[in-house]
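Convention: sequence-line order gives letters A, B, ...; per-chain numbering from 1.
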Amino acid sequence: MGAARVVHEWALAEAIADYVFKSAPSAKRVRVTVRLGELQAVDEGILKFALREIMKSEGIACEVVLKREDCVLKCRRCGHEWLLKEVEFGEEVREAIHFVPEVVHSYLKCPKCGSRDFEVIKGRGVWVEEVSWE
Amino acid sequence: MGAARVVHEWALAEAIADYVFKSAPSAKRVRVTVRLGELQAVDEGILKFALREIMKSEGIACEVVLKREDCVLKCRRCGHEWLLKEVEFGEEVREAIHFVPEVVHSYLKCPKCGSRDFEVIKGRGVWVEEVSWE
Amino acid sequence: MGVMVSQGDPRLAVIGRRLARVARVVPVMSSKGGVGKTLLSCLLALALSERGARVGLLDLDVTNPTAHVVLGADLSKFPEEDRGVVPPLIGGVKFMSVAYYSGENPLPLRGWEIDNVVREVLAVTIWGDLDFLVIDTPPGIGDEVLDVLSYFPKHEPLVVATPSPLTVASVRRLLKLLTEAVKGELIRVVENMARDDSDIIADLAKKFHVGFLGKVRFDEGVDRAVGDIDALRRSRMYKDVSMIAEKLL
Amino acid sequence: MGVMVSQGDPRLAVIGRRLARVARVVPVMSSKGGVGKTLLSCLLALALSERGARVGLLDLDVTNPTAHVVLGADLSKFPEEDRGVVPPLIGGVKFMSVAYYSGENPLPLRGWEIDNVVREVLAVTIWGDLDFLVIDTPPGIGDEVLDVLSYFPKHEPLVVATPSPLTVASVRRLLKLLTEAVKGELIRVVENMARDDSDIIADLAKKFHVGFLGKVRFDEGVDRAVGDIDALRRSRMYKDVSMIAEKLL
Ligand SMILES: Nc1ncnc2c1ncn2[C@@H]1O[C@H](COP(=O)(O)OP(=O)(O)O)[C@@H](O)[C@H]1O
Ligand SMILES: Nc1ncnc2c1ncn2[C@@H]1O[C@H](COP(=O)(O)OP(=O)(O)O)[C@@H](O)[C@H]1O
Ligand SMILES: [Mg+2]
Ligand SMILES: [Mg+2]
Ligand SMILES: [Mg+2]
Ligand SMILES: [Mg+2]
Ligand code: NI
Ligand code: NI
Ligand SMILES: [Zn+2]
Ligand SMILES: [Zn+2]
């Protein structure tokens, strides 16, 4: 989070850009669909802005589609499934999870059995759902 | 392997039986479909025999369907995919893998890049594909 | 009346049956490596067995098994089969390890593969009647440790700590995790490689409201006894571990 | 001309760019725990930096990070952001650890989650120009170690061994794995906690045709220096590690 030019979302945008360059080394027009998991809470505006800037500097026309994905958690011990929406975290914890989503295991337990052996079965972080080009 | 009454396939049959009992605690007629991965090389005849014996002793009519699944390996480092059929192991190694399929990582490397960081993406061991009852 | 369907891993369904006649499960744990988990697991199993208990020992340090080195176990033949895998008797202890199958080769595994090994071994090992099943575990808090916490219906962790600052930091995190999952009176701490009469570890146990079973002194000679059960039984470390065993009985 | 499609994890694509200006990657490894990987990683990073090298240190013992304890790093604030995460300078070394985010809480993770942490950290950490990136790794041969072998295009493993029978068994397995994957001349062994002039470890290195960088003697006082960089720099262990650093330069 923070100002668009400096925040760490920029690094994730670079990752997406490099992924596009590797998938379509000579394409001049691409379309990229990115899934953003609720857990990591990436700033959509900044990510989109950074991705367009990077692509422009490489002379590529890029259409960016961002899709939010809700975060679902499932306990491996008791099988209970719950939504991140039902959980309340403080600002510091949310920020820590923003950088490394797996640290959610440091701050959360299964609401039913108390185990930390749960899985983020949906909605973790950044994933390229589709790069298409002609 | 070895004689039907003593070999370790019996333990796997018990596992399948317990799985059936837990899925359908009061069913008297069940049908179970089991997928057998090529890697573990379970003896089909013995498994079927053991499963029927166990079910009979519990007074349950059980139809057993076994499906073989070919083993496919994929290297995480270089992406190469290959088939277990293309690999030759000695008798001792095959026997070790029969007991704990993951020890394949002790005896096999990616034929393309030499890495042991490969995955068994299909055909590992015993899996219940379906238990059905009315 | 329609048709109902279920699909999944049969191995998890049978674990309860395999442990049905095991009275007490004692995983020997410590997030820190090199604190003596393996040596202590082996000596504890031997000491309990010497006192008449029926004892099993399971090496769950899957990617780096070493309990067989301590016990001098013969890896040249596979364990016998009898409707499952029967752990060979070594020094009176039923000993099971993936090393019977991997030998001294490297066994690099991803986490879900480690989980598969744990499921397989728990599903096919025939322990029979046991008073104690001692489990050696790896450092860190990964799949093996999470599997122990999730797959064993009941267990009494034995946490090994040494009085060094890096160990204390690690053990504090482990105790936080364990006290969330297991009743405090079932968790016990042992100080290993004690060299003086510091109370750091005893105090740590008190702070977390868990048991403290005492100290195992640093024993210069024990490394030379590794691989030889008779020599291990003559070591000073074995004497100290025997006192811990008495308290567990 | 049809439409082509690709889908996957963008983080792996950027790792090469993040390491583009890192001259040498030195993962400090040992399948055995407690042999001194963490202490040696930290002291080595400090010693290299004292000699004028630009050095980064990455703690990849994800479920049991302790390098921050050795360095006395401040976990109370997150690293700065500048188009990524900028590792704070500690004693002249750019230090990155998941502990900035997990604090001193337990971080129990399954293997694929550990892999996710490694990918995330490698994708967002901005190392800039480095002569050395030293990596502390956990014991065992699990996801962290496999990730190091798979994600770093080039690296020069530094294997830590102590002259105990259990360590030797573990290190032998690791050397077998490493010599398959990395050229022998890029692999180096260090003996740590040396107490006498045994040649076990030097001979082991010779047998595997890999380098041997010498011994770091057992230093009774080093544990008391943990957490204090100035005190660490005054320790006898630091002197010995400095000799290793010289040979690496
Ligand atoms: N009480 C003790 N006295 C002396 N050496 C010990 C003692 N306990 C363990 N050791 C030694 O410490 C080293 C690590 O022990 P090990 O059991 O392998 O630890 P872990 O399983 O926790 O990694 C071994 O060389 C072992 O012989
Ligand atoms: N050369 C040495 N002399 C004395 N103690 C040492 C030496 N190297 C490591 N230690 C001590 O050994 C213990 C384990 O060290 P650590 O670096 O945490 O090992 P690892 O990272 O391999 O688990 C620590 O208490 C540490 O202070
Ligand atoms: Mg051990
Ligand atoms: Mg044999
Ligand atoms: Mg360490
Ligand atoms: Mg803060
Ligand atoms: Ni941000
Ligand atoms: Ni068999
Ligand atoms: Zn739960
Ligand atoms: Zn490969």
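Within a 6.0 Å sphere centred on NZ of B:Lys74, heavy atoms belonging to other residues, nucleotides or ligands number 12 at most. More than 12 heavy atoms of other shown residues, nucleotides or ligands fall within 6.0 angstrom of atom CZ in C:Arg51. For CZ of C:Arg224, the number of neighbouring non-hydrogen atoms (other residues, nucleotides, ligands) closer than 6.0 Å is 12 at most. Heavy atoms of other residues, nucleotides or ligands lying less than 6.0 angstrom from CD of B:Glu86 number more than 12. At most 12 non-hydrogen atoms from other residues, nucleotides or ligands lie less than 6.0 angstrom from CD of C:Glu80.
Proximity to chain B involves both the backbone and the side chain of C:Glu113, based on heavy atoms less than 4.5 angstrom apart. Only the side chain of B:Arg124 comes within contact range of chain C, with at least one heavy atom under 4.5 Å from a heavy atom of that chain. With a 4.5 Å cut-off on non-hydrogen atoms, B:Arg76 touches chain C through its side chain but not through its backbone. Interface residue C:Arg17: only side-chain heavy atoms are found under 4.5 Å from chain B. The contact between C:Leu109 and chain B is made entirely by side chain atoms (from C-beta outward), counting heavy-atom distances below 4.5 Å. Looking at B:Val30, there are no atoms closer than 4.5 Å to chain C (heavy atoms on both sides), in backbone or side chain.
A salt bridge does not link C:Arg83 with B:Glu14: every distance from a Lys NZ or Arg NE/NH1/NH2 to an Asp or Glu carboxylate oxygen is 4.0 Å or more. With respect to C:Lys77 and B:Glu92, no salt bridge is recorded, no charged nitrogen being found less than 4.0 Å from a carboxylate O.
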How far apart are the C-alpha atoms of B:Val128 and C:Asp9, what are their side-chain angles, what is the distance that settles it, and do they pass the side chain to side chain contact (heavy atoms under 4.5 Å, CB included) test? CA-CA 6 Å; B:Val128 176; C:Asp9 188 344; over 6 Å; no
Intermediate values then yes/no, side chain to side chain contact (heavy atoms under 4.5 Å, CB included), C:Trp112 and B:Glu119: CA-CA 10 Å; C:Trp112 64 277; B:Glu119 285 186 9; 3.9 Å; yes
If you apply the rule side chain to side chain contact (heavy atoms under 4.5 Å, CB included), what do you find for C:Arg110 with B:Asp117, and how did you get there? CA-CA 8 Å; C:Arg110 295 278 172 181; B:Asp117 186 13; 2.8 Å; yes
For C:Ser102 and B:Ser106, what are the C-alpha separation, side-chain angles and deciding distance, and is it a side chain to side chain donor-acceptor pair (under 3.5 Å)? CA-CA 6 Å; C:Ser102 65; B:Ser106 290; 4.5 Å; no
Assess whether side chain to side chain contact (heavy atoms under 4.5 Å, CB included) is satisfied between B:Phe99 and C:Glu120, documenting all intermediate values. CA-CA 8 Å; B:Phe99 286 107; C:Glu120 197 73 36; over 6 Å; no
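Of all the listed residues (B:Glu129, B:His105, B:Lys22), the one sharing the greatest number of non-hydrogen pairs under 4.5 Å with chain C is B:His105. The candidate from C:Asn116, C:Val121, C:Val98 with the greatest count of non-hydrogen atom pairs under 4.5 Å with chain B is C:Asn116. Note on C:Val62, C:Val117, C:Leu12: by heavy-atom pairs under 4.5 Å with chain B, the leading option is C:Val117.
Taking CD1 of C:Ile114 as the reference point, atom CD of B:Glu102 lies at 10.0 Å (rounded to 0.5 Å). Put simply, OH on B:Tyr107 and CG on C:Leu107 are 9.0 Å apart, with the number rounded to the nearest 0.5 Å.
Considering only heavy atoms from C-beta on, C:Pro10 comes within 4.5 Å of B:Val126 through its side chain. Residues B:His8 and C:Val86 have side chains not in contact (no heavy-atom distance under 4.5 Å, counting atoms from C-beta outward).
Here the closest non-hydrogen pair linking C:Pro108 and B:Arg116 is CG-CB, 3.7 Å. The two atoms that bring B:Ala96 and C:Phe78 nearest to each other are N-CZ, 3.7 Å, heavy atoms only.
Checked by atom type and distance alone, the side chain of B:Tyr19 pairs as donor or acceptor with a backbone atom of C:Gly8 at under 3.5 Å.
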